[in-house]
Amino acid sequence: MLVWRILYQASFFIQLLEYEMKNNLIASAIVALGLAASGSASAIVVGGVNFGAQGLTNHLETTTLAETFVNGVGQTVRGYGQVNTVNGLLNYAGANRLYFTFSYNVNTFSQTAVTFNNGVVNVYLRSEIANLLNQASDGVGGNIDLIDNGQLWAVFNGHNSDVVGEELKAIGVLTGADLNFLGAGLLDSVGGLAEVQAFFDSNAIADGLGGFADVNLTTSGSNQTLNSNDNLAGCNAPGAGQVGRWCVAGSAALAGPTEVPEPSVLSLLGLGLLGLGASTMRKRKAA
């Protein structure tokens, strides 16, 4: 009887040990889940810019300080601005800021719609400029000069989204004393810092022609807010007098696609626990 009692107690303690080991394994898996979930919520920093938590859109919210006026085919619109927030973050690069310059050629022109092609958008990372209204838009020491002195962070080219070569389209009241428009287009990530180019290079936005672009561009503008340091004499002269003048101001936003989430950590954990359960059942059957 003593021998059987000892064997019974030994069997009981072995089962208890297995139970504790299984619980510890589950607890470890839950801890790992917590750590993984914490890691997945950590910030993504690309090229010195904080894009916030994983899963957010690659979104640059910007304000264009100035843009040149165009009114005919073959002309070039130029502009620049500052990126105010990245995925809603104000201090996305510490003491640095993102600035951009752009140019597009007028492809077609009418009283209510303009299309553009040959677009280039350059984004720069540089120490913050105190005030873009302290100097003129163009010329030596102007805002474009200041922006171009920064580190080239990203380069985007206009993406063709129409059989006539359209890369950007603006619709609105485009002539006269009151100028208001809305625009939209697509961009491809083609240069800048290698990690930034790769980050935006999604090929995930359908262009309607069977191809794919990387970034959506939306823009709006008017002639109501201008830089007083610019030569604005021509802005009050409708027609040819405005061409090439910094007579337009507005806003723009660049947005990449929402990142495709990786397989759920919770699902992977569930598969692991199922495997543990199957293993335990096999052991019991074998016994």
Side-chain angles (χ1 to χ4, degrees), residues 44-52 56-68 70 76-87 89 92-93 96-107 114-126 143-144 146-162 165-170 181-221 248 250-259:
I44 296 177
V45 178
V46 182
V49 173
N50 184 352
F51 281 83
L56 290 178
T57 310
N58 307 335
H59 195 183
L60 307 181
E61 298 95 0
T62 71
T63 295
T64 304
L65 186 65
E67 182 178 318
T68 57
V70 293
T76 299
V77 60
R78 301 167 59 224
Y80 65 89
Q82 174 182 275
V83 176
N84 289 333
T85 59
V86 174
N87 285 336
L89 298 175
Y92 55 80
N96 296 326
R97 304 292 289 175
L98 290 174
Y99 297 84
F100 65 94
T101 63
F102 66 87
S103 66
Y104 277 88
N105 291 341
V106 178
N107 185 45
V114 181
T115 66
F116 301 88
N117 59 14
N118 297 321
V120 179
V121 180
N122 292 322
V123 184
Y124 298 86
L125 182 66
R126 58 153 296 152
N143 285 321
I144 289 183
L146 293 175
I147 292 171
D148 284 342
N149 285 333
Q151 178 186 42
L152 185 60
W153 187 78
V155 179
F156 300 97
N157 282 351
H159 181 97
N160 180 26
S161 59
D162 191 272
E166 174 185 311
E167 297 174 359
L168 176 67
K169 185 172 185 177
F181 67 88
L182 297 173
L186 298 175
L187 296 170
D188 292 320
S189 176
V190 298
L193 299 180
E195 61 179 310
V196 176
Q197 180 182 354
F199 184 61
F200 280 97
D201 189 14
S202 66
N203 293 315
I205 301 175
D207 62 10
L209 297 175
F212 295 89
D214 299 325
V215 174
N216 268 312
L217 169 64
T218 56
T219 182
S220 63
V248 181
S251 63
L254 287 77
T258 301
E259 293 183 285

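In this chain, numbering begins with 1 at the start of the sequence shown.
Using bins of under 30°, 30° to 60° and over 60° for the plane-to-plane angle, the ring pair F51/W153 lands in the parallel bin.
Summarising the geometry, atom OH belonging to Y104 is positioned 10.5 Å from atom CD belonging to E67; distances are rounded to the nearest 0.5 Å. In this structure, N118 CG and N160 CG are separated by 10.5 Å, a value rounded to the nearest 0.5 Å. Between L98 atom CG and T85 atom OG1 the span is 10.5 Å, to the nearest 0.5 Å.
A donor-acceptor pair under 3.5 Å links the side-chain atoms of S161 to the main chain of E166, judged by distance alone. A distance-only check finds no donor-acceptor pair linking the side chain of N96 to the backbone of L125 [under 3.5 Å]. Using modelled atom types, no side-chain atom of T219 and backbone atom of G183 make a donor-acceptor pair closer than 3.5 Å. When atom types are taken as modelled, the side chain of Y92 and the backbone of L60 share no donor-acceptor pair closer than 3.5 angstrom. Checking side-chain atoms of R97 against main-chain N and O of N84 turns up a donor-acceptor pair under 3.5 Å. In terms of modelled atom types and a separation under 3.5 Å, the side chain of E167 and the main chain of G119 share a donor-acceptor contact. A donor-acceptor pair under 3.5 Å is formed between the side chain of D214 and the backbone N or O of S189. Although no hydrogens or angles enter the test, the distance criterion places a donor-acceptor pair under 3.5 Å between the side chain of D207 and the main chain of L209.
In plain terms, the two heavy atoms of S202 and A213 that are nearest each other are OG-O, 3.9 Å. The shortest heavy-atom contact between T62 and A253 is OG1-N, 4.0 Å. When all heavy atoms are compared, the tightest approach of F181 to A170 is CD1-CB, 4.1 Å. Across every non-hydrogen atom of D188 and H159, the tightest pair is OD2-ND1, 2.8 Å. G150 and R126 make their closest contact through CA-CB, 3.6 Å (heavy atoms, listed as atom of the first residue, atom of the second, distance). Between T68 and V248 the shortest heavy-atom distance is O-CG2, 4.3 Å.
Side-chain contact annotation: N87 with H59, donor-acceptor N/O pair under 3.5 Å absent. A donor atom on one side chain and an acceptor atom on the other are found under 3.5 Å apart for N117 and N107.
A 4.5 Å side-chain heavy-atom check between Y99 and N143 finds every atom pair outside the cut-off. Using a 4.5 Å cut-off on side-chain heavy atoms (C-beta onward), T64 and Q82 make no contact. Under the 4.5 Å side-chain criterion, counting only non-hydrogen atoms from C-beta, F102 is not in contact with F156. For the pair N105/F116, no side-chain contact is recorded, criterion being any heavy-atom separation below 4.5 Å from C-beta on. The shortest side-chain heavy-atom distance between T76 and V70 does not fall under the 4.5 Å cut-off. Two residues are said to be in side-chain contact when any heavy atoms from C-beta on lie closer than 4.5 Å; V215 and L217 fail this criterion.
Taking the side-chain hydrogen bond (donor to acceptor under 3.5 Å, both in side chains) definition, one finds that D148 meets it with Y124, sequence neighbours left out. When the side-chain contact (heavy atoms from CB on, under 4.5 Å) test is applied to N216, the partners found at least two apart in sequence or on another chain are L186, I205. Not counting sequence neighbours, the partners of S220 by the side-chain contact (heavy atoms from CB on, under 4.5 Å) test are L182, S251.
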Please assess N157 against L187 for the test side chain to side chain contact (heavy atoms under 4.5 Å, CB included), listing each intermediate value before the final yes or no. CA-CA 5 Å; N157 282 351; L187 296 170; over 6 Å; no
Take I147 and F100, measure what side chain to side chain contact (heavy atoms under 4.5 Å, CB included) needs, and give me the verdict at the end. CA-CA 7 Å; I147 292 171; F100 65 94; over 6 Å; no
For V77 and V106, run side chain to side chain contact (heavy atoms under 4.5 Å, CB included): C-alpha distance rounded to whole Å, both residues' side-chain angles, the deciding distance at 0.1 Å, then the answer. CA-CA 7 Å; V77 60; V106 178; 5.6 Å; no
